[in-house]
Structures are given as C-alpha cells and as structure tokens.
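To start, the structure itself, in structure tokens.
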Amino acid sequence: MKLDNLTIEDVRTGLKEKEFSATELAEAHFDKIQKKDEDISAFLTLTKEKALSQAEEVDEWIEQGRDLPPLAGVPVAFKDNMLLEGEKCTAGSKILENYEASYDASVVEFLRGQGSIFLGKTNMDEFAMGSSTENSAFGPTKNPHDLDKVPGGSSGGSAAAVAADMSVVALGSDTGGSVRQPASFCGAVGFKPTYGAVSRYGLIAMASSLDQIGPFAKNVNDAKLVFEAIQNKDRFDSTSVDRKLAEEEVDLEEMTIGVPKEYFSEGLDEKVEKKIKKVIEKVGEYAEIKEISLPHSEYALPVYYIIMSAEVSANLARYDGIKYGATEEADNLLEFYSKTRGQNFGKEVRRRLMLGTYTLSSGYYDAYYKRAQKVRTLIKKDFKQAFNDVDLILTPTSPTPAFELGAKSDPLSMYLSDIYTASVNLAGLPGVSVPIGKVPAEPESTSRPPQAEGLPVGLQIIGDVFEDYQVLNTAQKIEQLI
Amino acid sequence: MIEKDQVKHIAKLARLELSEDELEEFQEELSDILDYVDQLKELDVSDVEPTSHSVDIKNVMRDDEAKDTDPERVKKLRKAFPDEEDGYDKVKSILE
C-alpha cells in the first residue's frame, strides 16, 4: 500500500478500511523524513518514540471498534515555537537551544486529544522574525521545489514538511504573513484564522496583537479540518474569542469579490501577476469581480514593522537567562543580561529589539508607536469599508515566487516580502493562501539550470472578521476551478 | 542618521551588548529603517483613535479564585532554572 501524498480523508478511509495501521502510517512518514530531510532540513527535532506510542493507542481504538476523532492517526508537525511538553522548544534561537518545554500548548493538547501523530518540531526564522527561514540559528530550510530557493518564512519548516510530503499537515504561526507566504512559496495551502479564533497559549509570543496559529495542508479541506480541531475559546488565552465559528455554505455565483488595485502595481512580478489575473478571470465566470481600493495599503508595512517590533521588544524581555535558557558569564547583573542576550540573539532579533525599544522610548513613543496605532485604525477602516461592497478580497500572496537563498541580504528588501500579507494581521482578518500553479524560475543566478516546472504561486483570499469558514469554503471552490 | 550615543542608549535599554563594529552596523541599519517608516508622517491622523487590539473585545476577566498548582508542573518549571540552590533559582546579587 503506497503511503504517499495522503490527505486527511485518505488517512481516515485507510484506517477505517484497515488498508494500513496508524503505526505503519507513522513509520512510513519517518522513513520519508529520513530520505528527504537531509536535503531539505525542515525538522529540528523528531519525536519518533512518542509518535509510535500515539500510533499504538490509535491502533487500539481501531481494534476496539471505537469511533475515531477526525484527526486520529494523522501525522502532524509543529513549528518550533509551540510548546510540546518534554521536548526541546527553541524558537529557532540559540537562547533556547536546550530549553525543554514544561507544558503543552493548547493547540498541541487539542490535537493530542484527537489522536494525531506528532512527527516533530520544524525549523523557523529565529523568534519568527524573517520571511525565508534563513534567520534560524540552526541553518536554513530549503524549498522542496528547488533546493537553491528559500521555502519562505518564518514557518518555512512546516511549509516544506507538508510540500515534500514528509507530514500530512503542519502548524505554523502567522504575525505578518508567516504561514501564508511560505505556503505560497512551497505550493501548499496556508491559513491564518481571525485573530482570537485559535488560542495562543503555549505559542512563544512574537507580537501579541498580531500572532495567530494556522495550518499548512495539501488541500483546503485538510486545512479546514485542522482549523476545526484547534479553534476554541481557551481560558488560558484571554484574547481567544467566545464563539465557535460556524460552517457556512458558499455559492460563487452569489458572491461579489473585490480585487484591490493597490496590490497590482509596481513590485509585483509580471509572471505572478499574469497567473493571478487568469485565476481571477476564471472566478469571474461565476462571481462578480469588482475593483476596490484599500487606500492606506502602502502604509501597512511601516505600521507593521513599528507595532510588531514594539511588541517584540516587550515579549522578548523575558529571555534574560534567569528562569530558563542560555546564560553567559558576567561580573554583575547588568552585564549578565547584556551578554546573555547580546550573544545568544541573532542579528535580526537584535535589530528588531532595538527598533522596538527605540519607538517605545520616551520622546519617540508618540511619533512612532502611537502614530502607527492610528494608521492601523485607518487600515482597519479601509477593509471595513471594502467589506460593505464585497464579500471577499483576492490578492497575490507574495509579490514574487521563492527567491534564492542568500539573495535578500538587505533587511529592508526582506521586509518587503510581507507587503500583501501584513495588513491582514493588522486588521485581525482571516486569510488563506491557495496554490494556483507554477511560474518558470528566473534563469539568472541559479547555480543549476532552472527547473522546467518552475516555482509555486499562491492566491490570497481575505475575509471579514470571523468569516473564516466563508474564506475556507470559497478557497475550496476556487481550488476546484484550477 | 541616528546618533551613535543614541544607539548605545537603546542597546542598554534593551539589555543587548554590542561590539564597536555592531554598533556602527546597527546605526546604519536602524537609520535606514527609521527613514522608511517615517513615511507615516505624511498622513493626517489628528482625528484618529489608536487601535491597540485588532478585534473588539474588552476587559476579559476571570473570577478571583486561587487555584492550586500541580506540583509536577512546578517541578518541570524548576528543572529549567539555569542555576539553582535548594530548589531556589540562583541569580546575581542586586544589592550590595
């Protein structure tokens, strides 16, 4: 029985019809990891022993003829900023290189309860700061479609694990695009829920008003099933919302879909634009397509970088070598803090800590942070107004396909990768990236001849707050059109 | 261009030790980034309220009841202490 390219439905059917056992399925995935991950480096930690005992339990449930939960036996990988009790949790950083999690994140607990099989922890940009997974203290992850290219970031490991069929699904976190953009680069589905729909308890915090956990999957249905399993009001996360979002039928023919003109200008790769427009045209055979304007779009990135850095500077203050994590020798407390943090945080982390500290410091708070908060209101208003006219918004997920490892050495040019995704986090909206095919890779600097099939492109679908199911179900309809 | 002294000051606030080279590097990079985010000054935000929370929820509270902590959990938290003595987390002195 070939255990390749399985979806959640395939796993469910396979286990039910006894085509394979949960143990065989788990073993098969660890075999795949062994074969493929040396080249891709998606995983930081593997949890094989625990996985096999989880699989054993699921096989017992099957033996007993029990009704299986929807995600029973399904192999899952977690970005290494989600706590899995008893396992290392590094956040891609030296400062947590040997830190062992003392409890489970809520999402981990929910999936444990479903009988999912935990394969391991995946690579990420350090403290989720990056758009390429090159900022990991443990080396980059490669894009499974072209090993000279980045998988995107910061959840590059999780995206690559699913794209390379090393896991059936994976979880990532998205603060400015860190699930959607790598999904787009790797040809997977990546979903970021409405802010508050999924608990952040046990997720190592980056920017608390922006972070959300979301699934990577091979198709939209799988992303939906994972979302269903992890979506919950959680007493440990006071920002989680007190409503279970409801399934919603969609009919493209009854929908009006907005295409924001600001997202189709300078900086968007020609080939990506062509591909996206073709899909929008196809959708337009059923739904009404309307050009809309989100006038403050160009300010989304500077707003994002100010707010995110400020929140990051507060959230990373806890890494002081006192209660956990790496430490350095010092003569006094101040030196102890400065050395421990200075020597164990990577460059990008230190850059953003400084930016955040600066914009929150006395004399600069009003000019930067407060002003950014106000422009954030304007950006939210843009979307609110748009959703008065349209049901959903379609945009490219990323201005380009996956770029080469080492290509973006200038921090600012890396920040521009988030240009289409960050506004969605600022407004707290749900957004999904759906793969819509490939574009040929640029022939210029690749060391090997450009792959004939090229690099994946993602289409982003954005909905209004709490319209997660409308977004996902529409994504499913569009997926079927391609 | 942001002053070198300012960079030193921020580094101290952020509790980050920087070498002389790093100081210069960050001085340049921070200046570039600050120039970039300065475009927000183009906007008139005099009548706009700041957003601190992306979704509309306020004052989420729980009842003020003490709950016992699982001693196993405490054990695991203690295990992570970089330096300990008699079960206490050992730190550098803060008083002379």
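Letters A, B, ... are given to chains in the order of the sequence lines, protein chains preceding strands, and every chain is numbered from 1.
- Ranked by non-hydrogen atom pairs under 4.5 Å with chain A, the options B/A11, B/P50, B/S93 are led by B/P50.
- Within the 4.5 angstrom heavy-atom criterion, only side-chain atoms of B/Q6, from C-beta onward, approach chain A.
- Heavy-atom distances place no part of A/D320 under 4.5 Å from chain B, backbone and side chain included.
- Only the side chain of B/E25 has a heavy atom closer than 4.5 Å to any heavy atom of chain A.
- With a threshold of 4.5 angstrom between heavy atoms, B/K79 approaches chain A through side-chain atoms but not through N, CA, C or O.
- B/V91 touches chain A through its side chain: at least one heavy atom from C-beta onward sits under 4.5 Å away, while N, CA, C and O do not.
- Under the 3.5 Å distance criterion, with hydrogens and angles disregarded, a donor-acceptor pair is assigned to the side chains of B/S46 and B/D44.
- Other residues, nucleotides and ligands contribute more than 12 heavy atoms inside 6.0 Å of the CD atom of B/Q39.
- Heavy atoms of A/Y364 lying under 4.5 Å from chain B belong exclusively to its side chain.
- When B/V7, B/L43, B/L18, B/L13 are compared by the number of non-hydrogen pairs under 4.5 Å with chain A, B/L43 comes out ahead.
- Proximity to chain A is absent for every atom of B/D83, based on heavy atoms less than 4.5 angstrom apart.
- A/T357 and A/R352 are not linked by any side-chain donor-acceptor pair at a separation below 3.5 angstrom, with hydrogens and angles left out of the test.
- The part of A/L412 that comes within reach of chain B is its side chain, from C-beta onward, which places non-hydrogen atoms under 4.5 angstrom from that chain.
- At a 4.5 Å heavy-atom cutoff, the contact between A/N332 and chain B is made by backbone atoms alone.
- Between B/E24 and B/K4 there is a salt bridge, since at least one side-chain N of the basic residue sits less than 4.0 Å from a carboxylate O of the acidic one.
- Side-chain rings of A/F345 and A/F127 approach one another, their centers coming within less than 6.0 Å.
- A/D211 places a side-chain N or O within donor-acceptor distance of the main-chain N or O of A/M206, the cut-off being under 3.5 Å.
- Classification of the A/F387-A/F383 ring pair by plane angle, with boundaries at 30° and 60°, yields parallel.
- Highest contact tally toward chain A, considering only B/R62, B/E49, B/H9, is held by B/E49 [criterion: heavy-atom pairs under 4.5 Å].
- Side-chain atoms of A/Y319 and A/N344 form no donor-acceptor pair, as typed in the model, at a separation below 3.5 Å.
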